[in-house]
Amino acid sequence: MQFSHRVMIHKNELNESEQEIVRFIQDNPNEVISNSIQDLASVLFMHPTTIVRLAKKLDYTGFAEMKHELRTEQQQLDKIRNQTKNNEAPKIDLAEYLSNTTVEKIVSLIEKARDVHFYGIGNSQFLCEISAKQLRCTDKRSHYYQHRHDMLYSIHELKAGDLIFVISMSGESESLNDVARLVKKTEATLISLTHITPNTLSEIADINLYCYAPINYIHNYDVTNRTYAMATLYRIIEKYWQYHI
């Protein structure tokens, strides 16, 4: 898992000193890679144990592993830049964004839910339709919506334990975020699916799912690649099928 992803997951656990270290690492990855923990501590005017504590909070075994992983990330970024120059799609490992534990947790929520709802607008609507239909084949009550007013109406019918997936690659759609805020006032569980960047929707949701889907426009037309979003949803639904077919 990339450094920035770990920071997003654990951001609420970091104190001010650790946040300062994170900012330095994000701004100066090559300096971190090429120096010792003592050198880094000296630059930051902190004790080395503070840096080690941060590394462990981010689920590294220590500074050495964090440094090694940062070096690997920089090498991967260089490969992606070269692929982009050659018009190749970067190769993404889905497991990096979706752990088995998360899959099992969401499958359990689907099993317990009376109804599962998928909310999305624009080019994300087809993800909602496909996912809802894939759950219906096992007689799970699942719903998708073509219009926002239908989403709003469905919120009034939500019960405790119902499950809502809100799909937005940017996580910054005001119309969807307003819907998500209304869902949060109910006893339903809200799951967001967005590109792996800090965004408003993921802050609203109870559970965050991430995929690789950087926003892309050509002549003001949304051509964002949603392949990994579909793969994320399919992996969860496929696991649900294993228990119910």
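Keep in mind that what you see is a predicted model, and the values were worked out from it rather than measured.
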Parallel, tilted or perpendicular, as decided by the 30° and 60° cut-offs, for the rings of Trp241 and Tyr234: perpendicular
Asn123 side chain vs Val223 backbone, donor-acceptor pair below 3.5 Å: no
Check: Phe24 main-chain N/O paired with Asn28 side-chain donor or acceptor under 3.5 Å: yes
Donor-acceptor side-chain pairing of Ser175 and Asp178 below 3.5 angstrom: no
Gap between atom OG1 of Thr232 and atom CD1 of Ile237 - 0.5 Å precision: 11.0 Å
Side chain Ser131, main chain Cys128, donor-acceptor under 3.5 Å: no
Within-4.5 Å side-chain heavy-atom neighbours: Glu172 and Leu201: no
Within the 6.0 Å centroid threshold, strictly below: Phe165 and Tyr119: no
Leu127 with Leu176, same ILVMFWY side-chain cluster at under 4.5 Å: no
Contact check, side chains of Phe3 and Glu73, non-hydrogen atoms, under 4.5 Å: yes
Salt-bridge present (Lys140, Asp115; N to O < 4.0 Å): no
Shared hydrophobic cluster, Leu233 / Ile245 (ILVMFWY, side-chain heavy atoms < 4.5 Å): yes
Under 3.5 Å donor-acceptor, Arg114 side chain and Asp162 backbone: no
Cys211 versus Met169, closest heavy-atom pair with distance: SG-SD, 4.1 Å
More than 12 heavy atoms of other groups within 6.0 Å of Lys11 NZ: yes
Flag, side chain of Lys239 to backbone of Glu104, donor-acceptor distance under 3.5 Å: no
N/O donor-acceptor pair under 3.5 Å between Glu18 side chain and Thr50 backbone: no
side-chain hydrogen bond (donor to acceptor under 3.5 Å, both in side chains) between Tyr144 and His117, intermediate numbers included: CA-CA 6 Å; Tyr144 69 96; His117 301 261; over 6 Å; no
Exercise: do Tyr228 and His195 side chains pair donor with acceptor under 3.5 Å: no
Distance-minimising heavy-atom pair for Gln74 and Ile33: CG-CD1, 3.5 Å
Minimum heavy-atom distance Ser17-Asn15, with the two atoms named: N-OD1, 3.1 Å
Within one Ile-Leu-Val-Met-Phe-Trp-Tyr cluster: Leu163 and Tyr145, side-chain cutoff 4.5 Å: no
Greater than 12 external heavy atoms within 6.0 Å of Glu16's CD: no
For Ala188 against Val183, the heavy-atom pair lying closest together: CB-CG1, 4.4 Å
Side chain to side chain, Ile164 and Ile191, heavy atoms closer than 4.5 Å: no
Exercise: identify the closest heavy-atom pair between Val43 and Glu31: CG2-OE2, 4.2 Å
Pairwise side-chain contact, Leu190 with Ile207, heavy-atom cut-off 4.5 Å (strictly under): no
Main-chain N/O of Tyr221 paired to His219 side chain as donor or acceptor, under 3.5 Å: no
Step-by-step side-chain hydrogen bond (donor to acceptor under 3.5 Å, both in side chains) determination, Asn100 to Arg235: CA-CA 10 Å; Asn100 289 330; Arg235 182 176 170 194; 2.5 Å; yes
Between CG on residue Leu182 and CG on residue Leu158, distance to nearest 0.5 Å: 10.0 Å
Under 3.5 Å side-chain donor-acceptor pair for Asp206 and Thr189: no
N/O donor-acceptor pair under 3.5 Å between Thr224 side chain and Asn216 backbone: yes
Derivation and outcome, side-chain hydrogen bond (donor to acceptor under 3.5 Å, both in side chains), residues His10 and Asp59: CA-CA 9 Å; His10 297 285; Asp59 295 328; 2.8 Å; yes
Thr72 side-chain N/O to His68 backbone N/O, donor-acceptor pair under 3.5 Å: yes
N-O pairing of Lys159 and Glu187 below 4.0 Å: no
Test side-chain hydrogen bond (donor to acceptor under 3.5 Å, both in side chains) applied to Asn199 and Thr194, step by step: CA-CA 8 Å; Asn199 63 81; Thr194 67; 3.0 Å; yes
Check: Ser124 side chain, Gly120 main-chain N or O, donor-acceptor pair, under 3.5 Å: no
Path from Met46 to Tyr60 over hydrophobic side-chain contacts below 4.5 Å: yes
Near-ring test Tyr240/His244, centroid separation under 6.0 angstrom: yes
Straight-line distance of Phe118 CZ to Gln125 CD, nearest 0.5 Å: 14.0 Å
Lys56 vs Thr61 side-chain heavy atoms within contact, under 4.5 Å: no
pair Val179-Val166: side-chain heavy atoms closer than 4.5 Å: no
Validation row: Ile236, Leu209 side chains within 4.5 angstrom (heavy atoms): yes
Phe126 atom CZ, over 12 foreign heavy atoms within 6.0 Å: yes
Separation of Leu152 CG from His147 NE2 (nearest 0.5 Å): 12.5 Å
Nearest-0.5 Å distance, OG of residue Ser108 to OH of residue Tyr243: 9.5 Å
Verify same cluster id: Val32, Val22 (apolar side-chain graph, 4.5 Å): yes
Spacing of CD1 belonging to Ile167 relative to OG belonging to Ser173, to within rounding of 0.5 Å: 12.5 Å
Close side-chain approach of Arg141 to Val116, heavy-atom, < 4.5 Å: no
